[in-house]
There are 2 protein chains.
Amino acid sequence: MGTAERKAKEKEELKALILGAAKKLFAEKGIEETTIRSIAKEIEYSVGTVYVYYKDKTEILHDLHQQGFAQLGGEFRALFHVSDPMERLKALGRIYMKFALENTQMYDLMFNMKAPMDFIKANEEHHWKEGNATFDALRKTVQECMDQGYFNGHQLEPLSFAIWGSVHGMCSLYIRDRVKAATGQEPDPLMNKAFEDLMLMFSKK
Amino acid sequence: MGTAERKAKEKEELKALILGAAKKLFAEKGIEETTIRSIAKEIEYSVGTVYVYYKDKTEILHDLHQQGFAQLGGEFRALFHVSDPMERLKALGRIYMKFALENTQMYDLMFNMKAPMDFIKANEEHHWKEGNATFDALRKTVQECMDQGYFNGHQLEPLSFAIWGSVHGMCSLYIRDRVKAATGQEPDPLMNKAFEDLMLMFSKK
DNA sequence: CAAACATAATGAACAGTGTTCAAAAAATCA
DNA sequence: TGATTTTTTGAACACTGTTCATTATGTTTG
């Protein structure tokens with residue numbers, strides 16, 4: 001039936017409209033400062049309408065964090081053209097860090113905020129497929145590095161986690177305003193140099 | 001004048017009482033879930049009283065985060081008995097991580113939450129002395145390691161930051177529930193193994 | 001076409017938050 | 001004791017996420 005189809009499409013469109021407004025406001029004024037009312041106002045609908053399409057705020061946050069992973073995942077996938085695994089590992093790290101610095105709010109949502117994980121726990125019985133896929137890209141690359149003689153005497157899983165953690169840690173400190181406050185240095189150059197330092201240590205055979 | 005003295009002391013005591021209640025509730029039910037009203041109830045005073053002794057919630061959070069740094073700082077200082085700098089570096093990391101895993105709420109407050117930094121920006125013109133002192137302990141130790149031939153070809157500042165970031169990153173992912181969700185592994189053993197992996201790489205001459 | 005029905009949108013209302021501040025209570029002083 | 005100062009109070013305000021009876025709109029049917 002044509003009408004039902006069109007209806008379903010319209011519903012999807014409005015849902016996307018809400019999400020788009022949320023994304024815009026999050027980037028503009030931060031996630032904490034963005035209210036359901038401000039989202040409703042942005043798209044010129046009432047608060048109630050937002051709740052017709054999203055059962056609560058964590059669902060909006062979860063949908064948005066999926067968009068972030070779609071973008072980062074795409075950039076990761078593009079890097080699998082690089083055949084040298086250590087080069088690819090470095091590139092993955094660089095892209096990851098670039099993403100974090102250029103999309104601080106989104107990165108925060110993906111890797112720091114509790115909301116998306118709360119939503120997953122409450123609705124999808126514990127499967128964070130976005131995080132899994134991203135970690136998999138890293139793990140695969142680390143495995144290939146090990147096959148080439150890198151990371152001797154290490155185990156794949158903890159090593160991959162350690163590498164993720166080390167880059168995430170710098171990004172997280174950056175986003176949460178601890179870098180300049182603790183080191184006294186300009187954050188951006190320090191981040192880049194520190195990243196190189198890490199990679200230099202990681203790539204020692 | 002004796003009375004004025006006693007008064008000042010009583011004021012300090014009540015302030016400490018508020019802070020103690022806050023600390024207790026934070027550890028019990030989490031920081032986000034602890035309200036000014038619940039703090040007031042805990043010490044059997046009214047909401048208004050809390051605001052006589054603390055100008056707002058960020059000040060409570062800031063005072064509490066100072067307590068955390070006092071504890072961690074004390075544990076750090078005790079480690080300066082270890083004369084071998086690389087051994088001390090590893091011990092610093094282990095203590096840091098132990099602190100994070102055993103005081104998740106406090107660690108979150110110290111290194112993730114925005115409130116304490118917001119308070120500092122608004123009230124103490126940008127000087128995070130707690131963070132500075134802690135980073136200094138790390139930096140000093142890293143310098144001594146470099147003096148002994150470790151970390152060849154690295155610069156002190158970015159390297160120290162990278163080391164901090166790498167341990168912080170794992171702790172942060174742990175606290176924000178990303179470890180098991182992304183890796184599928186049991187978090188605690190993975191953390192410990194990953195920490196060893198990092199230290200192994202750091203200590204390669 | 002009009003009436004019956006189904007779907008979508010609304011916004012006042014609720015319970016909760018941090019915060020304020022005139023008023024009440026308690027303590028101190030003369 | 002009475003006046004004055006200090007401390008404590010909690011109702012009230014502006015905000016939050018969320019709900020749901022009511023209204024408006026669209027669709028189907030006799």
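Order of the sequence lines sets the chain letters (A, B, ...), proteins ahead of strands, with each chain counted from 1.
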Quiz item: Which whole-number value in Å describes the distance from B/L17 CG to D/dT8 P?
Solution: 11 Å

Self-check item: Rounded interatomic separation in angstrom, taking CD1 from A/I39 and C1' from D/dG17
Solution: 11 Å

Quiz item: When we call it a touch if two heavy atoms are under 4.0 Å apart, what does B/L14 touch: a base, just sugar-phosphate, or nothing?
Solution: sugar-phosphate

Quiz item: Which listed nucleotide (D/dT8, C/dT20, D/dG17) is nearest to the side chain of A/Y51?
Solution: D/dG17

Self-check item: Position toward the 5' end of DNA chain C (nearest nucleotide), B/I36 or A/V50
Solution: A/V50

Quiz item: With a non-hydrogen cut-off below 4.0 angstrom, is B/T34 in contact with a base, only sugar-phosphate, or nothing?
Solution: sugar-phosphate

Exercise. Calculate the interatomic distance between B/Y45 atom OH and D/dT6 atom P; express it in whole Å.
Key: 18 Å

Practice problem: Kindly calculate the angle separating the two end axes of the helix from C/dC1-D/dG30 to C/dA30-D/dT1, each obtained from five base pairs, and round it to 10 degrees. | Solution: 30°

Quiz item: Looking only at heavy atoms, which two atoms of B/A194 and B/M170 are closest? And how far apart?
Solution: CB-SD, 3.6 Å

Quiz item: Where each residue is assigned the nucleotide of DNA chain D containing its nearest heavy atom, which of A/E32 and B/V52 is assigned the position nearer the 5′ end?
Solution: B/V52

Self-check item: Among C/dG18, D/dG17, C/dA9, the nucleotide that comes nearest once only the side chain of B/K57 is considered
Solution: C/dG18

Quiz item: How is B/T49 classified with respect to the nucleic acid when contacts are heavy atoms under 4.0 Å: base, sugar-phosphate, or nothing?
Solution: base

Practice problem: Could you check how far CD of B/E12 sits from P of D/dT7, rounded to whole Å? | Solution: 12 Å

Quiz item: Over how many whole Å does the gap from A/E59 atom CD to D/dT19 atom P extend?
Solution: 12 Å

Practice problem: Starting from C1' on C/dA8, measure out to OH on A/Y54 and report it in whole angstrom. | Solution: 17 Å

Quiz item: Could you give the CZ-to-P distance, from A/F119 to D/dG17, as a whole number of Å?
Solution: 17 Å

Exercise. Please report, rounded to the nearest Å, how far the P atom of D/dT9 is from the CD atom of B/E44.
Key: 10 Å

Exercise. Go through C/dT19, D/dG17, C/dA12 for me and flag the one nearest to the A/V47 side chain.
Key: C/dA12

Practice problem: Decide yes or no for B/Y54 and B/I36: does some side-chain heavy atom of the first lie under 4.5 Å from some side-chain heavy atom of the second? | Solution: no

Quiz prompt | Shortest non-hydrogen contact from A/E144 toward A/P85 | solution = CB-CB, 3.6 Å

Exercise. Answer with yes or no whether A/R37 presents, from its side chain, a donor or acceptor under 3.5 Å of a partner atom in the base of D/dG17.
Key: yes

Quiz item: Is the closest side-chain heavy-atom distance between A/F69 and A/T134 below 4.5 Å?
Solution: yes

Quiz item: Between B/W128 and B/H65, what is the shortest heavy-atom contact and its length?
Solution: NE1-NE2, 2.9 Å

Quiz prompt | Student check: side-chain heavy atoms of A/Q185 and A/K180 closer than 4.5 Å | solution = no

Practice problem: May I ask you to evaluate whether B/Y53 reaches the phosphate of D/dT8, defined as a side-chain N or O under 4.0 Å from OP1 or OP2? | Solution: yes

Exercise. Answer yes or no: is there a side-chain heavy-atom contact under 4.5 Å between A/R139 and A/D136?
Key: yes

Quiz item: Do any N or O atoms from the side chain of A/N112 and from the backbone of A/Y107 form a donor-acceptor pair under 3.5 angstrom?
Solution: no

